[in-house]
Number of protein chains: 2
Amino acid sequence: MIDTLNERSQSIFEAIVEDYINTAEPVGSRAITKRHRFDLSPATVRNVMSDLEEMGLLVSPHTSAGRIPTEKGYQYYVESLLKVRDLPDEFRNRFETGAGFAGKSMENIMQEVGNMLSSISRHTGLVMAPRFQSTVFRQIEFVRLSQTRLLVIFVSESGLVQNKIIEPGIDFSRRDLESITRYLNQRLTGMTIAEVREKIALELREERNRYNQLEQQALELSGQALQEDIADQIYVAGTSYMLEQPEFNTNDSMVRIMRALESKQQLIDLLDCSQQAGGVQIFIGSQANRAHLDGCSLIAAPFSGKKGAIGTLGVIGPMRMNYSQVIPIVDFTATLVSRMLDRESQ
Amino acid sequence: MIDTLNERSQSIFEAIVEDYINTAEPVGSRAITKRHRFDLSPATVRNVMSDLEEMGLLVSPHTSAGRIPTEKGYQYYVESLLKVRDLPDEFRNRFETGAGFAGKSMENIMQEVGNMLSSISRHTGLVMAPRFQSTVFRQIEFVRLSQTRLLVIFVSESGLVQNKIIEPGIDFSRRDLESITRYLNQRLTGMTIAEVREKIALELREERNRYNQLEQQALELSGQALQEDIADQIYVAGTSYMLEQPEFNTNDSMVRIMRALESKQQLIDLLDCSQQAGGVQIFIGSQANRAHLDGCSLIAAPFSGKKGAIGTLGVIGPMRMNYSQVIPIVDFTATLVSRMLDRESQ
DNA sequence: ATTAGCACTCAGTAAGGGCGAGTGCTAATA
DNA sequence: TATTAGCACTCGCCCTTACTGAGTGCTAAT
């Protein structure tokens with residue numbers, strides 16, 4: 001149905017979408033003919049617009065206003081008409097000078113990446129940390145804090161470090177811990193945390209009937225250490241950009257948006273969707289509604305080191321978003337972060 | 001000057017402040033006589049109000065509106081008239097059931113505390129993590145990640161864990177690291193990180209002329225590990241409560257407030273002020289302006305384990321804030337967190 | 001010292017009118 | 001047949017005007 005759009009209709013539609021993206025005002029027929037030098041009269045453009053409205057690509061907010069793209073309109077625009085620009089060098093430079101990751105903690109890196117994304121795209125930036133569950137185990141270490149308390153440190157293949165304090169109930173000597181550490185490191189390397197956990201559960205059941213106390217203890221200890229989920233982390237940067245958008249300039253919508261951006265779990269769910277597929281993903285309008293963000297679009301891309309550790313980052317803004325600018329920003333950032341993670345993990 | 005306030009003026013002023021806190025509307029003379037059953041006519045109340053205005057405790061937004069407290073008015077109210085209520089049991093319970101800290105990371109704890117503060121006070125909650133600089137060193141550990149990369153773990157007396165990756169340039173064996181660890185742990189325990197750093201710098205200078213290679217290496221390693229500041233962390237929870245306040249219901253002020261709440265550094269500076277003094281501190285209006293938060297008040301209190309590790313938490317909202325409710329909430333939370341930190345550090 | 005009474009002020013709301021941007025339809029044109 | 005000029009019409013926006021009501025300050029009486 002949309003395929004029947006002839007070239008003229010297409011370029012008029014494109015002009016409307018782009019004008020609206022720039023001005024945030026409904027676009028009228030005369031404005032189009034003026035700004036774009038089609039050799040057409042406003043009346044002709046009106047006829048075309050009328051057709052586009054019938055197809056569900058445009059709506060007019062009221063009789064005497066111009067027209068604005070519908071959600072379906074944006075989707076069509078992004079899928080069929082969008083020409084993604086190259087990332088201007090100035091942005092590229094800002095990233096590369098700004099992002100020295102060496103020695104910084106994962107949290108700091110993520111915050112910094114979020115701030116970068118947000119300040120360059122001039123929209124709200126999101127960064128979701130790699131899920132610990134799906135990272136690949138490289139190393140475990142124990143540090144004795146006191147007689148009852150142990151610090152457990154996991155290191156993933158990609159250099160991600162997580163620590164946790166446990167109280168095992170037994171007072172392990174330094175020597176015991178060393179043996180346990182060696183035992184675990186030999187047996188668990190290369191599996192994802194999820195797999196490790198399964199394996200431990202399995203072996204614990206089998207092991208009960210045998211007598212190797214060391215193994216028994218090692219398994220119990222690591223079981224305890226991994227038993228609880230480490231909550232997913234998400235960073236949101238530049239929320240005020242969202243409030244500055246003219247489409248959200250009522251009190252109610254501002255509060256609504258802020259509430260949505262505060263409920264991290266919903267954002268996590270949303271970003272999760274895009275983690276499966278590789279490359280840049282675009283959620284327009286209701287496709288992003290999972291997070292109560294009506295009228296918003298999300299551009300997201302997963303990042304990952306060579307060895308697992310997948311996270312997601314993205315930019316969220318109004319549907320009227322400059323897709324051709326934002327998409328390459330997200331794309332480039334994801335690539336950059338992946339490269340950094342690789343470098344870190346050597 | 002304010003001391004000349006007689007009892008009647010005081011209670012009228014108190015009534016005005018409290019009515020305004022409840023309704024967010026300018027309070028008129030008739031409203032006062034109605035709601036509070038003073039045996040006075042509105043005219044009399046008007047005379048008193050006029051005096052109070054002259055003293056700078058009240059203003060009227062325009063001739064035909066009631067009056068609202070000035071910043072000075074709130075200050076006087078809080079200093080002289082405020083009766084702090086006991087914390088209702090329901091809040092107490094919500095805290096104590098909600099807050100099992102055991103085994104959780106500092107970040108998670110702080111986030112949870114922030115959420116608690118915010119949802120119970122119905123205002124924006126702030127939690128600033130203990131500054132690593134001022135925590136007391138208890139233990140350092142090294143974990144060998146690869147030939148070139150070491151993970152350094154600091155544990156503070158209060159159980160705070162920080163880690164950092166360094167690339168020392170030398171490939172230390174496990175045995176070397178153990179000796180170095182033992183050496184450092186013996187010599188540094190009980191000092192604050194800041195002191196530790198000074199000491200290392202000092203000894204490094206002296207040590208150059210001697211020949212004990214182990215000491216030399218140990219010092220260099222720990223020096224490198226401590227060289228960079230670990231950024232202060234602050235958590236902000238429930239920002240949408242701020243936007244729901246009627247005093248900030250214009251687009252501009254919403255954006256302004258959100259920008260202010262986003263610039264963490266300014267919030268940190270603000271909370272820093274309250275860290276010095278013990279107990280609950282109250283910043284009203286311009287006293288909190290350091291963070292571009294005009295028209296806001298901050299209630300803050302430091303928390304700390306027995307052994308250093310001082311952080312600050314608080315609640316931020318409009319000047320028209322229910323001080324008598326919020327103060328005990330902040331107070332109680334700070335005490336609770338301190339107690340938890342103590343328990344953790346054993 | 002307190003109060004009743006009264007004139008006055010002024011934000012907020014509602015109603016009316018003109019403006020202008022934009023539309024849809026129709027009839028003329030290439 | 002596609003395009004265009006012309007025209008009546010719609011409707012949000014803004015400005016003005018008028019009204020209302022809450023609240024004040026002042027004055028004179030109690």
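Every chain is numbered from 1 and lettered A, B, ... according to where its sequence line falls, protein lines coming before strand lines.
Remark: P of C:dA21 and CD of A:Glu25 are 12 Å apart, rounded to the nearest angstrom. C:dA21 atom P lies 16 Å from atom CG of A:Asp19, rounded to whole Å. Atom P of nucleotide C:dG24 and atom CG of A:Leu52 are separated by 12 Å, given to the nearest angstrom. In this entry the distance linking NE2 of B:His62 with C1' of C:dG12 reads 9 Å, nearest Å. Rounded to whole Å, atom P of C:dA21 lies 18 Å from atom CZ of A:Arg67. B:Phe38 has its CZ atom 18 Å from the C1' atom of C:dA1, to the nearest Å. Following rounding to the nearest Å, A:Ile32 (CD1) and C:dA21 (C1') show an atom-to-atom distance of 14 Å. Spacing between atom CE of A:Met49 and atom P of C:dA21 amounts to 15 Å, rounded to whole angstrom units.
Both B:Pro61 and B:Ser41 sit near DNA chain C, but only B:Ser41 has its closest nucleotide nearer the 5' end. Judged by closest nucleotide on DNA chain D, B:Ala65 is the one of B:Ala65 and B:Ala43 placed further toward the 5' end. Mapping A:Asn47 and B:Asn47 onto DNA chain C by nearest heavy atom places B:Asn47 at the nucleotide closer to the 5' end.
More than 12 non-hydrogen atoms from other residues, nucleotides or ligands lie less than 6.0 angstrom from CZ of A:Arg256.
Checking the phosphate oxygens (OP1, OP2) of D:dT4, a side-chain nitrogen or oxygen of A:Thr44 falls inside 4.0 Å. Within the structure, every side-chain polar atom (N or O) of A:Arg46 is placed at least 4.0 Å from both OP1 and OP2 of D:dC7. Within the structure, every side-chain polar atom (N or O) of A:Thr63 is placed at least 4.0 Å from both OP1 and OP2 of C:dG22. Taking side-chain N and O atoms only, B:Arg8 has a distance below 4.0 Å to OP1 or OP2 of C:dT2.
With respect to A:Arg320 and A:Glu25, no salt bridge is recorded, no charged nitrogen being found less than 4.0 Å from a carboxylate O.
Remark: C:dT26 base-pairs with D:dA5. Criterion, Watson-Crick or G-U wobble with two distances under 3.5 Å.
Applying the 3.5 Å distance criterion, the base of C:dG22 shares no donor-acceptor pair with the side chain of A:Arg30.
For A:Ser64, the listed nucleotide lying nearest its side chain is D:dC11; candidates were D:dC11, D:dC7, D:dT3.
Nearest heavy atoms, A:Gly238 versus B:Glu262: C-OE2, 3.2 Å.
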Evaluate B:Lys83 against B:Glu14 for salt bridge (Lys or Arg N to Asp or Glu O under 4.0 Å), listing each step before the verdict. CA-CA 11 Å; B:Lys83 291 171 272 309; B:Glu14 196 178 351; 2.8 Å; yes
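A donor-acceptor contact shorter than 3.5 Å links the side chain of A:Thr333 to the backbone of A:Ile329.
Within 4.0 Å of B:Ser29, counting heavy atoms only, lie sugar-phosphate atoms of the nucleic acid but no base atom.
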